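Residue numbers begin at 1 in each chain, while the letters A, B, ... track the order of the sequences. This is a predicted model, so every value here is computed, not measured.
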Number of protein chains: 2
Amino acid sequence: MPVKAGERLDPEATKARILAAAAEVFTRRGIHAAGINEVAEAAGASKLTIYKNFGSKDGLIEAVLTDRTHRVRAWHNHAVEQAAPGRDRILAVFDLIASWYAEAGFRGCAMMNAATEDRGQDGAPRRLAADHLAFYRDLFARLLTEVGVRDPGTTARQLVVVLEGATLISAVERDPGLGAEARVIVETLLDAA
Amino acid sequence: MPVKAGERLDPEATKARILAAAAEVFTRRGIHAAGINEVAEAAGASKLTIYKNFGSKDGLIEAVLTDRTHRVRAWHNHAVEQAAPGRDRILAVFDLIASWYAEAGFRGCAMMNAATEDRGQDGAPRRLAADHLAFYRDLFARLLTEVGVRDPGTTARQLVVVLEGATLISAVERDPGLGAEARVIVETLLDAA
DNA sequence: GACTGATAGTACCGATCGTTCTTATCTTGT
DNA sequence: ACAAGATAAGAACGATCGGTACTATCAGTC
């Protein structure tokens, strides 16, 4: 048995490697459908290491989703700061998601997918999905306040509906064109706000 | 072992009973998470009968989704015909889904949920989900043509984005209020179209 | 150079999965 | 009365699941 263990002894790197592999496998195959063995193989890790680091499959799922939502938030915050203040900052969010839809292997929003797979359960996935939606709502509300709309909270919720609707349909139909469509809807809603 | 088999010998009724039970279990627990045993128990049917009627779990899933999309289509077609011609017919669709969100046990759109659970796969769920979206698109396009908007196809796609976005968020957040929110968005889009 | 800690690989466990099969019971048609 | 067909109940099967245990191998430390 050729074994070459202990190759990378940085625990943090190992953990990150498992997280990245799990995110990829969960996205591509679905959380329920993917097994721990599959994640372990994709990560080049043993199941022992996965359970040492994350305790259980649910722990791994929660860690993957938490990591994902933080990355997405940082991603949007950065893109918004890059854009010129005003209406462009709102549209920058939708430009970003339009490019996301066009990525190979795009399968929709990981948080919404996980919450959907869980249906009735009130576990971490649903909580993280709700938090994720709240992030978008707060981000939009802040940007809408900057441009001086009358009711930022209401319009922000509208934009979240458009964002998630376009994301879902783009994933189901494999159509990156939803990004452009969402942008048009958003411009209409901003004009009316 | 008290056994009372052969009680209802109407094969069609048995099939319908299994379909209804499977739809309920799949909705409440998720398609992957629910097992055939669970469906059989909920239906008061044996696994033999399920496999005789539907061949496999995939066959049952496809039958449940097909039945569901046909019911939803009939439901919307009927509601639209009841409403006065014109803009009200479009809003009637969203009034209907608003009441749907408020139903106990609402868990979102069965077709989108099934397609989401399946992720990458190109099986029946994804095809049925795409067909379901196409139905909404065609329905809206027809109603929008009636009210004489400039580009019915484009606006129809926008309304589908709003419908599915509101449905997804309402399911994740357990908030029936998304129905009213969707209606406001739709009115704005109609005003601009 | 022995010790320690992290790891890969793998066998293993009980549970559950989808699926098939057997048996007994019931209804219907003759 | 009896045969035929449908069904419920549930045992059984192989596969796979989440999770654990064991072993061998490596890097770094003393």
Report summary line: Heavy-atom closest pair (Val147(B) atom, Gly86(B) atom, distance to 0.1 Å) is CG1-C, 3.3 Å
Query raised in the report: Ala40(A) near the nucleic acid: base, sugar-phosphate alone, or nothing, with a heavy-atom cut-off under 4.0 Å?
Result: nothing
Query raised in the report: What integer distance in Å separates Lys52(B):NZ from dA6(D):P?
Result: 7 Å
Query - Distance test, side-chain N/O of Arg17(B) to OP1/OP2 of dA8(D), below 4.0 Å - result: yes
**Report entry** Over 12 non-hydrogen atoms of neighbours within 6.0 angstrom of CZ in Arg174(B)
**Finding:** yes
Report task. For atom CZ of Arg68(B), decide whether the heavy atoms of other residues, nucleotides or ligands shown that lie under 6.0 angstrom number more than 12. Result -> no
Query raised in the report: For nucleotides 14-21 of chain C, read 5' to 3', which letter fits each nucleotide if B means a protein heavy atom sits under 4.0 Å from the base, S means only the sugar-phosphate is that close, and - means neither?
Result: ----SBBB
**Report entry** Distance below 4.0 Å between Thr49(B) side-chain N/O and dA6(D) OP1 or OP2
**Finding:** no
Query raised in the report: Using a cut-off of less than 4.0 Å, is there contact between a side-chain N or O of Thr14(B) and OP1 or OP2 of dT7(D)?
Result: yes
Query - Proximity to DNA chain C (any heavy atom under 4.0 Å), residues of residues 122-129 of chain B only - result: none
Could you pull out all donor-acceptor pairs under 3.5 Å where a side-chain atom in residues 157-171 of chain A meets a protein atom, sequence neighbours excluded?
residue   : atom : partner   : partner atom : Å
Arg157(A) : NE   : Glu181(B) : OE2          : 3.1
Thr167(A) : OG1  : Tyr101(A) : OH           : 2.7
Thr167(A) : OG1  : Leu163(A) : O            : 2.7
Ser170(A) : OG   : Asp175(A) : O            : 2.8

Report task. For the residue pair His76(A) and Phe135(A), categorise the inter-ring angle as parallel (less than 30°), tilted (30 to 60°) or perpendicular (more than 60°). Result -> tilted
Query raised in the report: Can you tell me if CD on Glu41(A) sees more than 12 non-hydrogen neighbours from other groups inside 6.0 Å?
Result: no
**Report entry** Among Tyr136(B), Trp100(B), Phe140(B), ring-ring contact (aromatic ring centres under 6.0 Å, His included) partner for Phe94(B)
**Finding:** Phe140(B)
